[in-house]
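All values reported here derive from a predicted model rather than from experimental measurement. Chain naming here is simple, since letters A, B, ... match the order of the sequence lines and numbering starts at 1 in each.
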Amino acid sequence: MPHDCVMSLNVESAPVITQPAPTPLRLIDDAGLAVDPSEAGGFALPSPEILLGLYRRMVVARRFDVQVTALTRQGRLATYPSALGQEACEIAAVASLGALDWLFPTYRDSIALLTRGVPPEDILASFRGEWHSGYDYYQHKIAPQATPLATQALHAVGLATASKLKGDHTVALTLLGDGATSEGDAHEAFNFAAVWQAPVVFLVQNNQFAISVPLDKQMACRTIADKAIGYGMPGYFVDGNDVAAMYAVVSAAVDTARNGGGPSLVEGLTYRMEAHTNSDDPTRYRDSSDVDAWRGRDPIERLEKYLVSVGVLTDAERADITREAEDLAAATRECMTRTAVIDPLELFEHVYATPRTALAEQRDFLANEIAEHEAAAAKTTGESA
Amino acid sequence: MPHDCVMSLNVESAPVITQPAPTPLRLIDDAGLAVDPSEAGGFALPSPEILLGLYRRMVVARRFDVQVTALTRQGRLATYPSALGQEACEIAAVASLGALDWLFPTYRDSIALLTRGVPPEDILASFRGEWHSGYDYYQHKIAPQATPLATQALHAVGLATASKLKGDHTVALTLLGDGATSEGDAHEAFNFAAVWQAPVVFLVQNNQFAISVPLDKQMACRTIADKAIGYGMPGYFVDGNDVAAMYAVVSAAVDTARNGGGPSLVEGLTYRMEAHTNSDDPTRYRDSSDVDAWRGRDPIERLEKYLVSVGVLTDAERADITREAEDLAAATRECMTRTAVIDPLELFEHVYATPRTALAEQRDFLANEIAEHEAAAAKTTGESA
Amino acid sequence: MTAHNSTTHTGTAAPATRPAAPMTMAAALNAAIRDAMVDDPSVVLFGEDVGPLGGVFRVTDGLYAEFGETRVSDSPLAESGIIGTAIGMAIYGLRPVVEMQFDAFSYPAFEQIVSHVAKMRNRTRGRIQLPIVIRIPYAGDIGGVEHHSDSSEAYWAATPGLTGVTPSNPADAYSMLREAIASDDPVIFMEPKSRYWSKAELALPVRTAPMNQAVVVREGADVTLIAYGPTVKTAIATAELASEEGLSIEVIDLRSLSPFDDETVSASVRKTSRAAVIHEAAQFGGYGAEVAARLTERNFYYLSAPILRITGFDIPYPSPKLEEYFLPTPDRILAALGTWEWS
Amino acid sequence: MTAHNSTTHTGTAAPATRPAAPMTMAAALNAAIRDAMVDDPSVVLFGEDVGPLGGVFRVTDGLYAEFGETRVSDSPLAESGIIGTAIGMAIYGLRPVVEMQFDAFSYPAFEQIVSHVAKMRNRTRGRIQLPIVIRIPYAGDIGGVEHHSDSSEAYWAATPGLTGVTPSNPADAYSMLREAIASDDPVIFMEPKSRYWSKAELALPVRTAPMNQAVVVREGADVTLIAYGPTVKTAIATAELASEEGLSIEVIDLRSLSPFDDETVSASVRKTSRAAVIHEAAQFGGYGAEVAARLTERNFYYLSAPILRITGFDIPYPSPKLEEYFLPTPDRILAALGTWEWS
Ligand SMILES: Cc1ncc(C[n+]2csc(CCOP(=O)(O)OP(=O)(O)O)c2C)c(N)n1
Ligand SMILES: Cc1ncc(C[n+]2csc(CCOP(=O)(O)OP(=O)(O)O)c2C)c(N)n1
Ligand SMILES: [Mg+2]
Ligand SMILES: [Mg+2]
């Protein structure tokens with residue numbers, strides 16, 4: 001593009017972004033009451049029907065999370081990072097996306113996968129240690145759950161940019177933790193997205209801890225949403241335990257992205273109720289009184305109060321939701337009884353699309369070794385029989 | 001530290017930062033007139049004596065820069081990235097630092113080194129290809145000029161933090177380019193500095209190009225100073241061709257850092273007048289009309305007008321400055337006539353503090369090879385004589 | 001990046017066979033990218049300064065003008081960002097060709113390359129492929145200042161999941177880059193900077209040996225010299241010198257560092273019974289170690305002498321005035337061969 | 001990081017010789033850092049979760065409580081930031097000990113490590129030294145999910161300017177970490193995760209062989225097995241098994257990967273005439289290639305058979321349920337030795 005001679009290209013062209021208010025946006029308060037529209041930042045409270053749907057998904061997701069944590073305590077999974085307490089963020093993220101949109105989750109976001117339709121068995125494949133990741137990415141339009149922090153944010157920006165280049169309307173949404181925003185990749189993702197005006201939404205679940213490190217040792221700004229200013233994109237500071245607000249804001253951000261309005265950063269302020277993973281010991285670094293206080297801000301209970309107050313959460317509905325949740329828990333337990341057939345020779349199969357002689361040799365070596373072991377074992381069995 | 005149970009640790013404790021005005025702060029305008037104090041953002045115009053000193057350093061620095069560019073065109077240096085037009089930023093940076101403070105420069109900042117007292121010969125060692133870097137870091141308190149972009153910003157934060165941990169009052173200042181702010185390391189440096197409240201100043205010379213890439217393809221925010229908000233540190237958007245403003249703001253930021261006030265980010269809005277380096281061809285990516293327009297905003301001419309108007313730039317003074325500049329240019333040319341004695345065996349000397357047998361063997365190998373070549377050459381000479 | 005108004009993403013003219021013309025390696029690479037972009041609308045190009053400037057080595061010269069912002073673009077200055085976004089684009093079906101401006105500037109992208117580019121296909125049981133080409137101008141001998149002459153091939157070769165190739169001449173540059181772009185595997189495409197201006201007569205689109213094969217570029221009977229990228233020329237010069245002294249040297253251009261073409265190289269070594277590998281990178285832990293180790297494992301009883309490595313010293317790449325002492329030269333190679341017991 | 005009010009930076013009690021007690025490698029490492037901090041006020045410790053939590057492996061347990069925020073601190077979550085700031089601290093005279101939480105999470109810091117930590121001393125003609133210790137828990141066999149079991153030693157070993165060591169037992173862990181912290185060179189200190197809970201009776205401060213030396217941990221006559229870190233135990237188990245079959249195996253614990261102790265290892269190889277190197281990392285381009293190549297170069301005419309590499313396969317580290325197929329086992333090692341011609 002030709003440059004007119006101006007003092008700075010950006011001062012004239014870049015948008016003025018206002019710093020978000022220091023109180024998180026909420027549409028339903030702790031007590032389950034709808035906040036006054038004048039304080040709702042221009043966002044409308046979703047309809048009771050939508051909220052009831054979100055409620056159902058949150059209850060089901062929590063049941064899954066609790067079930068998987070229990071299985072992990074029994075030693076049946078290698079690890080499981082729980083999202084208990086973060087259901088409002090996770091479910092709002094998924095509910096805001098269309099079928100063709102893509103989700104870029106982390107290790108913590110199993111319930112987002114569940115909500116988007118990934119079968120429990122496929123979610124748990126990696127946590128059971130069967131394979132590094134185990135679902136159908138293109139069917140669900142979900143990237144593999146990322147472990148190296150913030151790296152997936154760049155993948156989301158790339159996919160969104162590709163969608164834009166192709167003239168499609170696919171939006172990408174990526175989930176990030178508060179800690180992950182400190183990584184260089186988070187910065188590069190925010191900046192590439194803003195410069196390329198990629199249709200992407202960054203949803204930071206600020207659960208206030210990165211393993212043991214609390215937010216104030218992670219960053220010195222007021223809110224994570226403040227960071228958006230430095231990229232020239234809108235930032236939203238939202239009560240991450242209010243699914244109504246999360247859904248309203250994330251949906252709007254997705255719409256903006258889809259309509260060519262570029263990226264947004266949404267911070268959901270929440271709290272990690274469980275340990276980081278089963279191998280973590282949170283008593284070493286935080287007071288249980290904090291956890292207790294946050295228990296009082298539970299995203300499900302809050303919505304429940306509201307739904308009861310507006311009369312859509314009937315006993316029948318409740319029973320039906322409980323049934324769905326229990327069925328899922330049962331299915332989850334049941335899938336653990338099926339031992340996945342793992343073929344060690346598959347180790348060599350997917351490393352490259354182009355076959356390699358050396359890998360074929362190694363595959364044969366392992367096949368031979370296994371056959372010999374089996375033969376030896378059979379012989380021992382035969383002898384002892 | 002114990003955490004009171006609050007919604008978010010940071011919302012309550014972190015400072016509110018206001019977004020800088022979209023016009024760069026200046027104390028002397030393009031025409032060489034002092035701006036009205038009401039528009040000076042609370043910064044006082046430095047005294048005529050200070051400004052005269054800065055003027056002298058700028059003139060001398062430019063003479064050096066022009067001389068080295070000429071030598072490079074003659075093919076006598078491997079490369080030289082010129083800072084022509086950026087003297088106000090470079091000189092203000094150095095003038096704001098105390099003797100014990102540290103400077104972390106880039107490849108572009110040779111004139112900052114010069115201004116801080118590094119002999120031309122030592123600056124040019126690396127550009128002549130003699131060694132990767134060639135001055136006395138601890139004497140001048142200047143880190144090696146960094147090539148991998150933004151990496152040095154983290155070194156500055158580390159040094160500043162060490163100073164703080166030791167209870168010293170050393171401040172670190174690092175120079176960065178606009179392009180370099182896109183690197184993950186810039187982000188990590190800003191964030192570490194803010195969280196650790198390190199006594200460091202980030203001075204971004206926004207010369208609006210990263211080689212060929214213009215600012216609006218580098219970032220989508222209005223000003224680089226805006227980025228400070230996301231870290232919870234003050235950001236200043238300053239006319240980088242106004243040495244009075246640059247000096248006032250950077251000095252204040254250094255004082256803040258020294259007095260325990262933590263880091264600041266200062267953006268100097270300027271322009272790269274020359275090619276990126278001698279091997280670059282800027283006609284491929286920018287209009288000469290832009291360059292011409294910026295020639296009219298020359299930092300030296302502007303200050304000159306002001307100094308003349310207030311009567312401190314006398315003819316005698318001018319002559320003296322010219323003499324200093326010409327002496328330096330002569331000394332620079334002269335140092336190029338001295339061929340540095342480069343001992344190839346030194347290649348093995350500094351890699352490790354702890355001696356290594358394998359490296360000693362390689363050193364002996366090379367020594368032997370050189371000796372044999374010399375013997376062969378002597379033989380040839382002897383034969384042909 | 002701006003979206004195109006139209007849905008066509010192809011360039012202006014389809015590549016046909018063109019008359020032979022002298023061409024530098026840089027021009028051959030440029031033609032390869034251009035032809036690939038014309039043939040396949042999913043090929044996109046981005047990186048630092050690859051747009052209007054045409055790259056600091058002019059390898060992408062003219063492509064921005066021809067294909068426009070939709071398919072060729074300058075990215076913000078962040079290498080991890082370049083690789084990370086390329087991954088996302090590849091997931092969506094594009095075939096990104098990206099540039100790391102100089103070898104040492106690929107290091108900020110190390111995590112994205114090693115933890116994602118290399119592992120994505122395996123992680124997803126083959127469901128997600130990443131047909132990405134990462135072009136890296138590498139190695140020295142150009143009088144570059146620090147960080148501009150690294151040979152980083154050992155890092156990539158040690159990483160399962162990556163394919164690493166390096167052409168030594170313009171014909172291979174064209175052919176191998178076309179093949180790399182067409183590959184469904186991610187390819188680290190290492191371009192020897194010192195050979196960018198080397199010339200050859202080429203009739204495009206030229207097709208040389210498949211990119212995963214080594215090639216015997218000069219036959220010989222007594223010694224096998226194994227070289228790649230910038231050192232192929234050195235090896236050939238050595239062979240010429242040696243032939244004057246009656247020593248017959250076979251020169252192999254590896255071309256592919258990962259995979260390694262065991263068949264071609266072992267056959268040569270079995271024939272000559274003596275081999276040396278030549279590279280610019282430091283010796284310790286360098287790529288030559290793999291070459292020597294695997295050839296010895298597979299051909300031990302054919303060898304008359306240990307496989308030698310004639311390489312850079314175990315030090316950081318030196319400054320311009322000292323690089324002549326660092327780089328392997330024909331003299332140094334011949335002297336090394338002279339240390340063998342020749343019974 | 002908060003500045004201390006006082007100017008003293010030492011801990012509460014000076015280390016003296018303590019009675020022998022059983023101790024895990026994790027505890028030995030912890031004691032080494034503690035003792036170094038007590039002895040030298042310039043030693044500081046930081047990284048992700050190394051503070052109140054004591055590190056995810058508890059290697060820094062109790063140090064935050066003992067030394068306080070001035071000397072032990074949790075950093076923001078950014079590995080390049082950790083290494084980059086450590087460099088600045090070292091320039092100012094501190095001796096930072098930093099942790100990369102898991103091997104694969106050192107990759108974001110690759111540029112800082114390779115372009116600065118490794119090169120600073122050389123770049124500045126020895127004027128700036130960087131006495132930094134980068135602790136990296138590495139390797140597998142712990143049932144870790146993806147990215148938690150990488151063996152990244154080949155990357156560091158291929159980088160001139162770095163020193164790379166790895167203990168295989170608690171005594172070495174203590175002694176070598178003390179030496180690494182005292183070294184004026186930057187040291188990549190690789191801690192084999194699977195050995196963290198291995199125990200030994202130690203009377204601290206224990207001093208073993210200098211960290212740049214390999215050690216013959218079991219003498220033998222027929223074969224030399226060269227191992228390091230997690231595979232030393234495997235090699236010893238193999239030697240025990242083999243001795244039942246009448247094969248006498250000498251086991252060497254390399255301890256130092258860079259530099260390589262040519263003297264000790266070559267002496268053993270010359271004695272046995274047969275050697276194999278064992279590591280978890282993939283074989284292609286792995287550290288074993290350097291071991292095999294240099295031993296062959298230096299001892300060719302002493303060898304009865306090619307040096308073997310018994311290593312992980314050339315694939316990304318597998319998921320927990322498959323790692324048993326990947327890791328070298330005594331059986332696999334013995335089978336490999338059986339492929340040699342034993343004339
Ligand atoms: C690059 C990288 N460094 C370190 C880790 C180890 N690690 C895993 S989770 C975690 C904390 C992440 O915190 P946050 O981003 O807030 O996400 P949360 O776990 O709270 O959801 C760390 C340090 C990692 N996975 N990747
Ligand atoms: C990590 C890294 N990537 C790429 C480069 C190559 N490079 C050198 S200078 C430059 C542009 C830098 O622009 P900016 O930061 O604005 O500084 P300026 O040159 O304008 O002073 C680039 C891309 C580098 N030195 N380091
Ligand atoms: Mg968190
Ligand atoms: Mg610039």
**Q** Is chain C contacted by the side chain of D/Thr159, its backbone, both, or neither, given a heavy-atom distance below 4.5 Å?
**A**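 Contact with chain C involves both backbone and side-chain atoms of D/Thr159.
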
**Q** Measure across D/Ala292 and C/Ala293 and return the closest heavy-atom pair with its distance rounded to 0.1 Å.
**A**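 Between these two residues, the closest heavy atoms are CB-CB, 3.9 Å.
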
**Q** Just so I know, are the side chains of C/Glu146 and D/Lys119 near enough to count as touching, which here means a heavy-atom distance under 4.5 Å?
**A**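 Side chain of C/Glu146 against side chain of D/Lys119, heavy atoms only: contact under 4.5 Å found.
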
**Q** Below 4.5 Å from any heavy atom of chain D, which atoms of C/Gln283 appear? Answer side chain, backbone, both or neither.
**A**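 When you check distances to chain D, atoms from both the backbone and side chain of C/Gln283 fall under 4.5 Å.
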
**Q** Answer yes or no: is there a donor N or O on one side and an acceptor on the other, between the side chain of C/Glu290 and the main chain of D/Gly285, under 3.5 Å?
**A**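 It does hold such a pair.
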
**Q** Where is the tightest heavy-atom contact between C/Tyr107 and D/Ser115, given as atom of each residue plus distance?
**A**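 Taking every non-hydrogen atom into account, CD1-OG, 3.5 Å.
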
**Q** What's the shortest heavy-atom distance between C/Pro316 and D/Asn122, and which atoms?
**A**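 Closest approach of C/Pro316 to D/Asn122, heavy atoms only: CG-ND2, 3.6 Å.
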
**Q** With the side chain counted from C-beta on, respond yes when D/Tyr155 and C/Val114 share a heavy-atom pair under 4.5 Å apart, and no when they do not.
**A**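 Yes, close enough: below the 4.5 Å cut-off.
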
**Q** Under 4.5 Å from any heavy atom of chain D, what part of C/Tyr317 do you find: side chain, backbone, both or neither?
**A**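 The answer is neither part of C/Tyr317.
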
**Q** Measure C/Asp150 against the heavy atoms of chain D and call it side chain, backbone, both or neither at under 4.5 Å.
**A**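 Contact with chain D is through the side chain of C/Asp150 alone.
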
**Q** Which bit of C/Arg298 is near chain D, if near means a heavy-atom gap under 4.5 Å: side chain, backbone, both or neither?
**A**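 Neither part; nothing is under 4.5 Å.
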
**Q** Going by heavy atoms in the side chains, are D/Leu303 and C/Phe300 under 4.5 Å from each other?
**A**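 Yes, side chains in contact.
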
**Q** Do you know which two heavy atoms are closest between D/Phe284 and C/Ala157, and how far apart they sit?
**A**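 Result for this residue pair: CD2-O, 3.3 Å.
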
**Q** Ignoring hydrogens, what is the shortest heavy-atom contact between D/Thr296 and C/Pro306? Give both atom names and the distance.
**A**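 Looking at all heavy atoms of both residues, the closest pair is O-CB, 3.7 Å.
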
**Q** Would you indicate whether the side-chain heavy atoms of C/His147 and D/Arg123 approach each other to under 4.5 Å?
**A**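 Answer yes - side chains close enough.
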
**Q** I need the minimum non-hydrogen distance between C/Ser304 and D/Tyr301, along with the two atoms involved.
**A**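 So the two residues come closest at O-OH, 3.1 Å.
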
**Q** Given that the side chain runs from C-beta out, which part of C/Ser106 has a heavy atom under 4.5 Å from chain D: side chain, backbone, both or neither?
**A**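 Contact with chain D is absent: no heavy atom of C/Ser106 under 4.5 Å.
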
**Q** Relative to chain D, which segment of C/Ala305 carries a heavy atom at a distance below 4.5 Å: side chain, backbone, both, or neither?
**A**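 Contact with chain D is through both the backbone and side chain of C/Ala305.
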
**Q** Chain C: which of D/Arg309, D/Arg294, D/Glu341 shares the most heavy-atom pairs with it under 4.5 Å?
**A**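 Maximum pair count with chain C is reached by D/Arg309.
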
